[in-house]
Colleague: 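Submitted below is the structure of interest, expressed as structure tokens.
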There are 2 protein chains.
Amino acid sequence: MKIGDVAKRTGASVRSIRHYEKVGLIRATREENGYRDFDEADVLLVRRIGRMIRLGFTTEEIATFLNCIVDDPATVTACPKVAAAHRLKLAAIERQMADLETRRQKLLITLKAASGQDDTSVPEAPVHAEASPIARAHPRHPGARGLFRRSS
Amino acid sequence: MKIGDVAKRTGASVRSIRHYEKVGLIRATREENGYRDFDEADVLLVRRIGRMIRLGFTTEEIATFLNCIVDDPATVTACPKVAAAHRLKLAAIERQMADLETRRQKLLITLKAASGQDDTSVPEAPVHAEASPIARAHPRHPGARGLFRRSS
DNA sequence: GTAACCCCTGACATCAATGTCAGGGTCAAG
DNA sequence: CTTGACCCTGACATTGATGTCAGGGGTTAC
């Protein structure tokens, strides 16, 4: 099976499949003409990789536990590495959510103050607390990046 | 006042302050020797910019409404542009939170299944739903990026 | 004069998956 | 043989605030 077929059957782009191979997530035999040759197992594997990426794992993270689930889907959760990686990711996500919630609250405060504006209603503006000079910003969040850019 | 002083008093790095000037968020007069010269108002401005950035606004977004609040802190929320930008950002944040929550739930499901592993307990693995090939991934989130990298 | 700071500009690096282009093969159908 | 639809590799672009370095100059105290 050629790479274009795998792309159609998995939803991943040809570019992405080549990328997964380059970083070692999948392997492909080669035909005489140099074309990559995939089989059914590769289709399943690419789909699994896609799911992991949508969950927020990077290819590097996936590589650390993909060998645990390469053979049998039923053992996906039985491999310690998988569960460990999932717990780490879960914790990271919850940190990000907490950070977003903090920012959300501050935005809400400002907006609430804004609705009662008119003029000199707010003496010292609700421009939020003076954050410590050191503890700025939030960590970059992982997760898929290459598509549907520009949200806000 | 020189740029180093502003940095100390705002918590922003010298590099960042120069960046804010480059993108038009602040202006600085120049001394005869070419050094930037700042005043007290600039200190307040840089602090405000820092707060906005920590809230998740990009410099480009800040530029769209910074002129509303450049003079009087008390009118911060009185400018329509500010409130509009805040509402947009709020919506973006809530989208991101919803996305994170979705991923969190899927991770939890997998982990729950993992805790009841042992062996052939799960016939068809809880590897989450087969996402449509098109609607993959979540938009890149804005917000501060240059510090405290690598979280997960 | 020289060390020790400070300032300047410009450029490259970071993160990570993906898009996209250039330049070039392979192959089957017409 | 030509066209069209694939495939290949390699490279650059994207995001965006910030770090960091190179190369050069100013200022001040010794």
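Quick note on labels: first sequence line is chain A, next is B, and so on, each numbered from 1.
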Colleague: Whole angstroms only, please: what is the CD1-C1' distance between Ile17(A) and dG19(C)?
Modeller: 15 Å

Colleague: From the list dC12(D), dA17(C), dT9(D), which nucleotide is the closest neighbour of the side chain of Arg15(A)?
Modeller: dC12(D)

Colleague: Identify which nucleotide among dT18(D), dT18(C), dC8(C) has an atom closest to any side-chain atom of Tyr20(B), counting heavy atoms from C-beta outward.
Modeller: dT18(D)

Colleague: Over how many whole Å does the gap from Glu31(B) atom CD to dC6(C) atom C1' extend?
Modeller: 11 Å

Colleague: Counting only side-chain N and O atoms of Ser16(B), is one of them less than 4.0 Å from OP1 or OP2 of dA17(D)?
Modeller: no

Colleague: Closest to the His19(A) side chain: dG19(C), dA17(C), dC8(D)?
Modeller: dA17(C)

Colleague: Tabulated below should be each protein N or O lying under 3.5 Å from an N or O of nucleotides 25-27 of chain D; please produce it.
Modeller:
unit_1, atom_1, unit_2, atom_2, d
dG25(D), N2, Tyr35(B), OH, 2.9
dT27(D), OP1, Asn33(B), ND2, 3.1

Colleague: May I ask you to check if Lys2(B) and Phe38(B) form a cation-pi contact, with NZ or CZ under 6.0 angstrom from the six-membered ring centre and within 45° of the axis?
Modeller: no

Colleague: Rounding to a whole Å, what distance do you find between Ile49(B):CD1 and dA17(D):C1'?
Modeller: 13 Å

Colleague: When you get a sec, tell me which of dT9(C), dT18(C), dT18(D) is the closest nucleotide to the side chain of Arg36(B)?
Modeller: dT9(C)

Colleague: Between Thr59(B) and Arg18(A), name the one whose nearest nucleotide on DNA chain D is closer to the 5' end.
Modeller: Arg18(A)

Colleague: Taking only side-chain nitrogens and oxygens of Ser13(A), does any of them come within less than 4.0 Å of OP1 or OP2 of dG19(C)?
Modeller: yes

Colleague: Need the bend value for the helix from dG1(C)-dC30(D) to dG30(C)-dC1(D): angle between end axes, 5 pairs each end, nearest 10°.
Modeller: 40°

